[in-house]
Structures are given as structure tokens and as C-alpha cells.
A.B. asks: 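This is the structure, below, for whatever I ask next.
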Amino acid sequence: MRNISRPLKTGKSLGNDDWFSSQLLDWYGFNKRHLPWRETKDPFKIWLSEIILQQTRVNQGMPYYLKFIASYQTVQDFAQANLDDILKLWQGLGYYSRARNMHQCANAVMNHFGGNFPDNYAELQKLKGIGKYTAAAIASICFGEAVPTVDGNVFRVMARLFGIAEDIAKTSTFKVFFDRAKTLMPAGHSGDFNQAMMEFGAMICTPKSPECATCMFETHCFAKSKGLIDSLPVKSKNVKVRHRYFNYYVYTHEGQVLIRQRSEGDIWTGLFEFDIEETKKSLKSSSFEGGKLEYSSSEMVHQLTHQKLHLRFHVYEMRSQKALVQVGEAKQMLMVSRERIGDYAVPKPIELFLNNEFCR
DNA sequence: CTCCGGAAGG
DNA sequence: CCTTCCGGAG
């Protein structure tokens, strides 16, 4: 990438008229990454990319964006798709409610807006999965509306440059950043300005070890001059991790296996898994008497922000096909062949088990 | 291990 | 206002 950071003219201050935005847009023009969703203003593609990029870095989201665009060219295609197929494409990306909300959103666009996304900030926010951030992204990029996208990057860039020390975890702080960002937006360039702010936060003003040496705002940056780079933005946190113990029972017979779709109200809604017994304390050794225990895996740990999952897999070989069918009916499970498990969306640790231990 | 991050639901 | 939803990077 070219480094086009330029020294600042003297006598200018950040946030003064459009000096800040012209510097930022200049930097963006030379240094932006050329990403597929930056080649279009199609609301469907912008919507898709923005939902994928929520809580997800570009490098991780890219293959998913390409898969989705290859499978669904329009919001109509997406709306008509089967939710299970969408979840399968989404597998591994996390926060699966995003995929379910997208399906609802696409159907609302078809049924209430004639297949066209609404063209403004307020209406966009009425759609499932579209909040203030995504509505601002679509409204500014696709329709030129002057609304700022305040995401983690924007919080960080502005908190550091301007020395805004309000706690970004508090809801009320959002308006402080939103209003300030809006005053900085250059007329007629809201989409590029928003993308430039976020790109700058992702490439230069990063959470850890930002590239202050190549930053064109270095000499005017509040945090840099005060030595507060590592303490801005201010973000309170209250993380208490809950331990959970998932005992999985994998019932098999001659290449057939039983799986079940997870219901609402917990993690991994809509994804498939094996028969599960959740225990309070530690994992159980084994408990199923209906088949021959072939194998028990070692404990697998899967760390989420608020949960630490302890998983163990017990593989049982049933005596007969009939026995397997009976268990499946009793436990309301679906019988599939090992080769077809890949057609179903599964959580990350199940995918790891399948790839590393079960289907080898 | 810790940290990061939009939207929904309570 | 607070908590929950997920996986990857450092």
C-alpha cells in the first residue's frame, strides 16, 4: 500500500471547517483497500456487506460476502432462499441472528417496499437487523444522506483525535459522537467520509499499536500529545464469564448419525448438533445405555465473550439400523449419513469435531 | 488468556 | 439502562 500521509499545514486544528475531512478523504482516496462492495452502490450488496462486517473483520468476512453474492444476486433471490441454506453459508461467522434477521429483512423489503430498500435513515432502521450503524451506512453510501456511521472505529478515531473521554459503553455517549461526526461531514460526500473514517480506524488508528508515525493527524492528535493512546476511547466493561458443560452423544450405525436443530433462546439458534445433555458442574463420563460406547473425546474448550463452553463427545455405535431409528424417534432427531452432515449448518466446535475426529 | 464489535431484548 | 449473541486476532 502507498503511504501518502502528508504533513499538516500549520495553524489548522482538527474539526475546523472542512480541513479535517479533506485530509481524511485525501488519505482515503490513495490508501483505501479495493473491496468488492466498494465498487457498487447497490443497496442489496451494501446491506449484505455491512451486516457481514458487523463484529467481523474484512479478511474474515470477504469469503462469506463472495459466497453470498455468488448464491444470491438480488434481495428477491435472498428472500426466496431457504433459511437453512442461508445459515449453512453463514456457518463459522458467528452471531447467527444476523443471518436470521437478514432473511426477515429481505422478505420485508419484498413485501412492503416492492423489492427496493427504503432510501433513508429512519425507514431503514425499521427493518430487522438494521440499527443506527447499518442504516447510516446504507443511507450515506447508497443514497447520499448526511448521517454518520458511528461504529467502533469511529468511536476510537474521534475519542483519540479530539480527546472525547465519555464512556463509549454508555448508550447516551452515542449521541455525543454522532453529533460531532455530523459536523465534520462534508456536504455531498457522506458515504466516502463514513467509509474513510472507518478505514482509517481499521488501518491506522487501530486498537493496539496504532500507526501514529504515518498518521497525518499525529501532531494534532489529543491522545498522542497527552500520551493517552492506550486509554482512549474509554470503555467500561462488566464481563462475567459463565461456564457451561455440553455433553454430546453421537448415535451412529453404519455411517448414519442422529442430529437435531437447536431452538430459539440460546446460542446457535437454528444450527444443528448431536444429542446434548448440559450439566451444571463438570462433564459426565457417559450415560447412554442403548448402544456400545465406541469413543469419548477429550474435553474441548470453546471461549465466547460471556461463556466458556466445555464440550465432550461420546460416540455410540447402535446394534442395528432399527435401534438407531428408534432412538431418533424417541429423541426427535434427524437421521443423516456422515457424508451429508456437511449440508447442515453446525457451530464451530462441532465443525472442528467433525473435521478432526469424527469424519476422518 | 484478553480484547474487539452492532443489534435486539429485557 | 444492562445483557446476550459468536469467533478470531493478538
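So you know, we letter chains A, B, ... as the sequences are listed, proteins then strands, and number each from 1. Since the model is a prediction, treat every value here as computed from it, not as a measurement.
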A.B. asks: Round to the nearest Å and state the distance from A:R244 atom CZ to C:dC5 atom P.
C.D. replies: 7 Å
A.B. asks: Classify A:T56 by what it touches in the nucleic acid, base, sugar-phosphate, or nothing, heavy-atom distance under 4.0 Å.
C.D. replies: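 Answer is nothing: A:T56 stays at 4.0 Å or more from every strand.
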A.B. asks: Would you give me the side-chain donor-acceptor pairs under 3.5 Å for residues 324-333 of chain A, sequence neighbours excluded?
C.D. replies:
residue	atom	partner	partner atom	Å
A:K331	NZ	A:D275	OD2	3.2

A.B. asks: Within this structure, what is the NZ-to-C1' distance between A:K170 and C:dT3, rounded to whole angstrom?
C.D. replies: 14 Å
A.B. asks: More 5' along DNA chain B: A:K128 or A:D151, using each one's nearest nucleotide?
C.D. replies: A:D151
A.B. asks: Which of the following nucleotides, C:dG7, C:dC5, B:dA7, is nearest to the side chain of A:K348?
C.D. replies: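 Taking heavy atoms from C-beta onward, the closest nucleotide is C:dG7.
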A.B. asks: Check the angle between the aromatic planes of A:Y72 and A:F68 and answer parallel, tilted or perpendicular using the 30° and 60° thresholds.
C.D. replies: tilted
A.B. asks: Students often get this wrong, so: under 4.0 angstrom with heavy atoms, is A:Q307 touching a base, only sugar-phosphate, or nothing?
C.D. replies: sugar-phosphate
A.B. asks: Could you check A:A169 against A:N59 and say which one's nearest nucleotide on DNA chain C is further toward the 5' end?
C.D. replies: A:A169
A.B. asks: Quickly work out the A:Y64 OH to C:dG8 C1' distance and round it to whole Å.
C.D. replies: 11 Å
A.B. asks: Applying side chain to side chain donor-acceptor pair (under 3.5 Å), can you list everything that pairs with A:R156, at least two apart in sequence or on another chain?
C.D. replies: A:N153
A.B. asks: Among the candidates B:dC4, B:dA7, C:dC1, find the nucleotide nearest to the side-chain atoms of A:T171.
C.D. replies: C:dC1
A.B. asks: How long is the line joining CG of A:L271 and P of C:dC5, in whole Å?
C.D. replies: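 Spelled out: CG on A:L271 to P on C:dC5 is 14 Å.
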A.B. asks: For the CD atom of A:E317 and the CD atom of A:E254, what is their distance to the nearest 0.5 Å?
C.D. replies: 7.0 Å
A.B. asks: Take the protein atom NZ of A:K132 and the nucleotide atom P of B:dA7, then report the distance between them rounded to whole Å.
C.D. replies: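 In whole Å, B:dA7 P lies 10 Å from A:K132 NZ.
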A.B. asks: Tell me which residues in residues 83-108 of chain A lie within less than 4.0 Å of DNA chain B, going by non-hydrogen atoms.
C.D. replies: A:Y95, A:N101
A.B. asks: For B:dT2, does either OP1 or OP2 sit under 4.0 Å from a side-chain N or O belonging to A:K208?
C.D. replies: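 For A:K208, the contact criterion (side-chain N or O under 4.0 Å from OP1 or OP2 of B:dT2) is not met.
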A.B. asks: Whole angstroms only, please: what is the CD-C1' distance between A:Q55 and C:dA9?
C.D. replies: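 Distance, rounded to whole Å: 15 Å.
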A.B. asks: Taking only residues two or more places apart in sequence or in another chain, which ones pass side chain to side chain donor-acceptor pair (under 3.5 Å) with A:S231?
C.D. replies: none
A.B. asks: Provide the full list of ring-ring contact (aromatic ring centres under 6.0 Å, His included) pairs with a residue in residues 111-149 of chain A, sequence neighbours left out, each pair given once.
C.D. replies: A:W47-A:F117
A.B. asks: Check the distance between B:dG5's P and A:R57's CZ and give it to me in whole angstrom.
C.D. replies: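 Whole-Å distance recorded here is 7 Å.
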A.B. asks: In whole Å, I'd like the distance from the CD1 atom of A:I51 to the P atom of B:dG6.
C.D. replies: 11 Å
A.B. asks: Could you name each residue pair satisfying salt bridge (charged side-chain N to carboxylate O under 4.0 Å, His left out) that touches residues 182-208 of chain A, not counting sequence neighbours?
C.D. replies: A:R33-A:E199, A:R38-A:E199
A.B. asks: Is there a donor and acceptor pair closer than 3.5 Å between the side chain of A:Q54 and the base of B:dG5?
C.D. replies: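 For A:Q54, whose side chain was compared with the base of B:dG5, there is no donor-acceptor pair (under 3.5 Å).
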